[in-house]
Enquirer: 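Provided herewith is a single structure, encoded as structure tokens, for subsequent inquiry.
A, B, ... follow the sequence lines: proteins, then strands. Residue 1 opens every chain.
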Amino acid sequence: MAATVSDNLLDWYDAHARELPWRAKPGTPSPEPYRVWLSEVMLQQTTVAAVKPYFEAFLARWPNVEALASAPEEDVMAAWAGLGYYSRARNLVKCARAVAELGHFPETESDLRRLPGLGAYTAAAIAAIAFEKRAVVVDANVERVVARLFAIEEPLPAARKAIRIAADAITPDMRAGDFAQAMMDLGATICTARDPRCLLCPLSNACKARAEGDPGRLPVKAPKKAKPLRQGQTYWMENDGAVWLVRRPGTGILGGMRALPDDGWNARSSGSMQAPSPGIWESAGVVRHTFTHFSLELTVLTSLGASQPDGQGEWWPIDSLDEAGLPTLFAKAARLAQSG
DNA sequence: CATCCGTGGCA
DNA sequence: TTGCCAAGGAT
């Protein structure tokens with residue numbers, strides 16, 4: 001009987017699996033569901049390199065799901081600062097509390113899917129990796145590998161249905177967790193978006209796109225929209241070794257995160273250029289930052305000896321600003337304000 | 001199905 | 001420098 005795609009891939013994985021902090025070695029028992037869940041949420045649209053230090057820090061500070069469930073939400077938000085997509089952090093707390101209340105992680109894909117922050121991908125990944133369930137795990141890596149393996153010409157995202165059917169067809173009944181991680185490792189290291197390394201690929205003999213000569217052109221993707229440019233201001237108000245910080249609204253860009261006050265810029269429009277209090281404002285420069293769907297030119301204005309502005313906020317000691325948990329945009333602005 | 005939601009690395 | 005891309009989810 002001929003070796004299947006999954007046999008070849010699992011053999012390759014046994015020899016070449018990446019060693020990652022949240023991962024068990026091939027053939028050893030599954031890692032704790034808490035570690036699998038935490039890493040999978042952090043890895044949503046985020047690179048392995050970016051996740052590693054956050055995973056280690058979270059695990060050291062909150063060693064299990066009960067500890068995380070007991071943490072104040074704002075502590076988790078601050079610890080997440082810099083990792084992006086901050087709704088993940090709020091859903092992480094909600095999910096931890098639901099799991100702690102339940103007493104354990106659900107083990108089936110459909111039950112996992114009901115938890116906050118767990119969509120089709122993450123629920124399948126946890127079921128397969130933590131609980132050895134057969135689940136069809138489809139992320140961007142799997143989409144790319146499968147689109148090439150079967151030479152699926154239909155563009156994304158319309159091709160997702162066909163890709164799922166093809167992925168299902170090659171997913172084995174046993175070792176589905178290792179299979180999923182092997183597909184992702186293959187996509188990350190061999191079957192890469194640009195210049196796939198087919199000479200090193202354990203699936204090259206079966207790959208239809210390679211047989212046709214130009215696997216790198218798949219999967220076809222719909223063209224992207226241009227990002228509008230927005231302009232805004234942010235305000236560094238300093239008084240007696242402290243800076244005035246606010247908490248952003250729970251929804252929208254950087255929702256729920258601690259921040260410098262600003263003039264109300266957002267994805268749809270530029271800011272009002274109205275400072276939060278009258279006074280002498282000096283420009284410290286401009287921060288350029290690109291979000292998922294718009295770019296921002298943020299002018300940083302500073303005021304020394306600023307008086308207490310109207311509205312909610314707090315004076316934060318500047319020498320411990322690192323612990324405020326500012327998202328990257330405002331961390332850049334703060335750095336600029338202090339450099340001048 | 002489309003839009004909103006971060007960030008850093010890389011060619 | 002600019003654009004592309006990454007272990008997606010919620011609405």
Enquirer: Are A/Gln308 and A/Trp244 close enough that a side-chain donor and a side-chain acceptor fall under 3.5 Å?
Expert: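 No pair is found: no donor N or O on one side chain lies under 3.5 Å from an acceptor on the other.
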Enquirer: Hydrogens and angles aside, do A/Thr122 and A/Gln44 bring a side-chain donor and acceptor to less than 3.5 Å of each other?
Expert: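 A/Thr122 vs A/Gln44: donor-acceptor pair found between side chains.
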Enquirer: Under 4.0 Å, heavy atoms only, any strand: does A/Ala120 hit a base, just the sugar-phosphate, or nothing?
Expert: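 Sugar-phosphate contact only.
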Enquirer: So which one's nearest nucleotide on DNA chain C is more toward 5', A/Gly117 or A/Ser39?
Expert: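 Result: A/Ser39.
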Enquirer: Please identify which of these residues, A/Phe131, A/Trp37, A/Tyr34, meets the ring-ring contact (aromatic ring centres under 6.0 Å, His included) condition with A/Phe105.
Expert: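 For A/Phe105, the ring-ring contact (aromatic ring centres under 6.0 Å, His included) test succeeds with only one of A/Phe131, A/Trp37, A/Tyr34, which is A/Trp37.
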Enquirer: Using the ring of A/Trp80 (Phe, Tyr or Trp, six-membered ring only), decide whether A/Arg61 places NZ or CZ under 6.0 Å from its centre and within 45 degrees of its axis.
Expert: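 No, A/Arg61 does not lie over the aromatic ring of A/Trp80.
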Enquirer: Between A/Asp7 and A/Arg175, is the closest basic N to carboxylate O distance under 4.0 Å?
Expert: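 Salt bridge flag = no for A/Asp7 with A/Arg175.
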Enquirer: Taking atom C1' in both C/dA10 and B/dG8, compute the distance separating them and give it to the nearest angstrom.
Expert: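 That atom pair is separated by 24 Å.
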Enquirer: CH2 of A/Trp316 to CZ of A/Arg258: how many Å apart, nearest 0.5 Å?
Expert: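 Separation between the atoms: 4.0 Å.
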Enquirer: Less than 4.0 angstrom from a charged side-chain N to a carboxylate O is my criterion; do A/Glu153 and A/Arg217 meet it?
Expert: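 A salt bridge links A/Glu153 with A/Arg217.
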Enquirer: Scan A/Thr46, A/Thr292, A/Asn91 and name whichever one has a side chain to side chain donor-acceptor pair (under 3.5 Å) with A/Tyr85.
Expert: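 For A/Tyr85, the side chain to side chain donor-acceptor pair (under 3.5 Å) test succeeds with only one of A/Thr46, A/Thr292, A/Asn91, which is A/Thr292.
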Enquirer: When we call it a touch if two heavy atoms are under 4.0 Å apart, what does A/Leu20 touch: a base, just sugar-phosphate, or nothing?
Expert: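 Since a base atom lies under 4.0 Å of A/Leu20, the category is base.
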Enquirer: Scan A/Arg160 against the nucleic acid and name what it touches under 4.0 Å (heavy atoms): base, sugar-phosphate only, or nothing.
Expert: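 Result for A/Arg160 = nothing.
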Enquirer: For the P atoms, the ones on B/dA11 and on C/dA7, what distance do you get once it is rounded to whole angstrom?
Expert: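 These two P atoms come out 16 Å apart once rounded.
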Enquirer: Could you tell me how far apart A/Arg230 (CZ) and B/dC4 (C1') are, to the nearest whole angstrom?
Expert: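 So the CZ-C1' distance, A/Arg230 to B/dC4, works out to 13 Å.
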Enquirer: Going 5' to 3' along DNA chain C, which nucleotides are the first and last within contact of chain A (any atom under 4.0 Å from a heavy atom)?
Expert: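 Terminal contacting nucleotides, 5' to 3': C/dC5 to C/dA10.
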Enquirer: Using a 4.0 Å heavy-atom cut-off across all strands, classify A/Trp22 as base, sugar-phosphate, or nothing.
Expert: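 Result for A/Trp22 = base.
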Enquirer: How are the rings of A/Trp265 and A/Phe294 set relative to one another: parallel (under 30°), tilted (30 to 60°) or perpendicular (over 60°)?
Expert: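 Correct class here is tilted.
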Enquirer: In whole angstrom, give me the gap between the C1' atoms of C/dC4 and B/dG6.
Expert: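 The same atom, C1', in both gives a distance of 15 Å.
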Enquirer: Could you run down nucleotides 5-11 of chain B 5' to 3' and tag each one B, S or - for protein heavy-atom contact under 4.0 Å?
Expert: BBBS---
Enquirer: Determine whether more than 12 heavy atoms belonging to other residues, nucleotides or ligands lie under 6.0 Å from atom CG of A/Asp214.
Expert: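 Atom CG in A/Asp214 is packed in, count exceeds 12.
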Enquirer: Counting only N and O atoms by type, is there a donor-acceptor contact under 3.5 Å from the side chain of A/Asp263 to the main-chain atoms of A/Gln233?
Expert: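 Yes.
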Enquirer: Tell me which residues in residues 121-148 of chain A lie within less than 4.0 Å of DNA chain C, going by non-hydrogen atoms.
Expert: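 By residue number: A/Tyr121, A/Thr122, A/Asp139, A/Ala140, A/Asn141, A/Arg144.
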